[in-house]
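Accompanying notes for the structure given below.
Quick caveat: nothing in here was measured; it's all calculated off a predicted structure.
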Amino acid sequence: FAGVSRQKEIYVMAANYLQRLDWRKDPEIMKNIITFYTKGKALDSLSGFYDACAQVEIDEYQNYEKALGALSEALKCMNKAKMQDVSTQEAKINFLKRRISLLKKFVHARRTYEDDAEEAMKQCLLLLDEADIETVSDRVTSTVL
């Protein structure tokens, strides 16, 4: 029904419902969630979904590069969103930017490890000194340790 509906609210309701299913294991469900949020012009919700996807990539698969891609999509959506509370939107944008920045540093440190373990360790120690490293994930923090 949602696929042929022309009402934004129906699309958003369908996407919200699909998120309750096991979208992590079924790419078709994931694709439909993205499509429905897009058709429903609920870019703030789509941003939240991409953020959830990033968290799954980190926590369950330790795929930090893929998580970076999902966070970048979340940021794009949040930048395009037209939220009523502009200050909340700006806070979410800044939070996503910070998560992306920290995750990029972590990914760089992991890549550096193969060529220069000592330099990678220095980068990891600097990362641990970041006050909000937990905003990325507890998994990242434990991996750095």
Side-chain angles (χ1 to χ4, degrees), residues 2-3 8-145:
K8 292 178 186 179
E9 296 81 13
I10 300 295
Y11 287 126
V12 173
M13 286 174 52
N16 290 341
Y17 168 75
L18 288 175
Q19 278 199 69
R20 295 183 186 159
L21 303 179
D22 195 4
W23 56 265
R24 294 162 194 87
K25 304 238 184 324
D26 189 343
E28 193 63 31
I29 294 174
M30 201 170 167
K31 185 178 119 190
N32 284 325
I33 293 169
I34 293 166
T35 299
F36 290 154
Y37 277 141
T38 303
K39 286 183 176 183
K41 300 195 185 324
L43 295 178
D44 55 331
S45 296
L46 182 55
S47 175
F49 177 67
Y50 278 124
D51 190 19
C53 291
Q55 202 61 50
V56 167
E57 290 301 329
I58 292 169
D59 293 341
E60 293 184 21
Y61 304 108
Q62 292 80 50
N63 189 335
Y64 304 103
E65 289 84 3
K66 202 167 178 182
L68 265 175
L71 285 174
S72 295
E73 288 299 317
L75 181 59
K76 283 183 202 173
C77 291
M78 189 53 66
N79 278 323
K80 291 179 185 177
K82 293 177 176 38
M83 293 178 65
Q84 290 179 346
D85 186 353
V86 175
S87 62
T88 299
Q89 183 174 357
E90 288 175 359
K92 288 181 177 188
I93 288 169
N94 290 332
F95 181 75
L96 287 168
K97 284 180 179 178
R98 182 67 180 147
R99 284 187 74 194
I100 290 169
S101 171
L102 291 170
L103 192 53
K104 280 182 179 178
K105 289 177 184 179
F106 177 70
V107 167
H108 179 71
R110 282 178 52 114
R111 288 183 184 150
T112 303
Y113 186 78
E114 292 178 23
D115 296 330
D116 188 352
E118 189 174 322
E119 177 59 28
M121 292 302 291
K122 287 179 187 175
Q123 290 175 18
C124 287
L125 289 173
L126 290 172
L127 251 178
L128 288 174
D129 287 340
E130 299 272 352
D132 56 351
I133 185 65
E134 291 84 18
T135 62
V136 176
S137 171
D138 289 337
R139 168 75 68 183
V140 171
T141 305
S142 65
T143 303
V144 168
L145 291 173

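Residues C53 and M30 approach most closely at SG-CE, 3.5 Å, considering heavy atoms. Of all non-hydrogen atoms in A109 and A120, the two that sit nearest each other are O-CB, 3.4 Å.
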>> The test is side chain to side chain contact (heavy atoms under 4.5 Å, CB included); show your working for W23 and L18 and say whether it passes.
In response: CA-CA 7 Å; W23 56 265; L18 288 175; over 6 Å; no

> Can E65 and R111 be said to form a salt bridge (charged side-chain N to carboxylate O under 4.0 Å, His left out), step by step?
Replying inline: CA-CA 11 Å; E65 289 84 3; R111 288 183 184 150; 3.7 Å; yes

> When you look at R99 and Q55, which way does the side chain to side chain contact (heavy atoms under 4.5 Å, CB included) test go after all the steps?
Replying inline: CA-CA 11 Å; R99 284 187 74 194; Q55 202 61 50; 2.7 Å; yes

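Using a 4.5 Å heavy-atom threshold, the side chains of K39 and K8 count as separate. Using a 4.5 Å cut-off on side-chain heavy atoms (C-beta onward), K104 and V107 make no contact. The side-chain heavy atoms of S101 and K105, taken from C-beta on, include a pair separated by under 4.5 Å. Between I58 and N63 there is no side-chain heavy-atom pair separated by less than 4.5 Å.
For T38 (side chain) and I34 (main-chain N/O), a donor-acceptor pair under 3.5 Å exists by modelled atom type. The backbone N or O of L43 lies less than 3.5 Å from no partner atom in the side chain of S47, so there is not a single donor-acceptor pair. Distance alone, capped at 3.5 Å, places no donor-acceptor pair between the D116 side chain and the T112 backbone.
Atom CE in M121 sits 11.5 Å away from atom CG in L127 (nearest 0.5 Å). I29 CD1 to F36 CZ: the interatomic distance, rounded to the nearest 0.5 Å, is 11.0 Å. With rounding to the nearest 0.5 angstrom, the OH atom of Y11 is 11.5 Å from the CG atom of N32. Distance check, rounded to the nearest 0.5 Å: CD of E28 to CD1 of I33 gives 11.0 Å.
Under a cut-off of 6.0 angstrom, the local environment of OH in Y61 is crowded, with over 12 non-hydrogen atoms contributed by other residues, nucleotides or ligands. Within 6.0 Å of atom NZ in K41, 12 or fewer heavy atoms from other residues, nucleotides or ligands are found, so the atom counts as exposed in its surroundings.
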Please output the side-chain donor-acceptor pairs of residues 69-83 that fall under 3.5 Å, not counting sequence neighbours, one pair per line with the distance.
residue: S72; atom: OG; partner: L68; partner atom: O; Å: 3.0
residue: E73; atom: OE2; partner: K76; partner atom: NZ; Å: 3.1
residue: N79; atom: ND2; partner: L75; partner atom: O; Å: 3.3

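Counting only N and O atoms by type, the side chains of R110 and Q62 include no donor and acceptor under 3.5 Å apart. Side chains of Q19 and Y37: a donor on one and an acceptor on the other come within 3.5 Å.
The pair R24-E57 does not meet the salt-bridge criterion, since no charged nitrogen lies less than 4.0 angstrom from a carboxylate oxygen. For the pair D44 and K92, the salt-bridge criterion is not met [side-chain N within less than 4.0 Å of a carboxylate O].
Residues F106 and Y64 place their aromatic rings such that the two centres sit under 6.0 Å apart.
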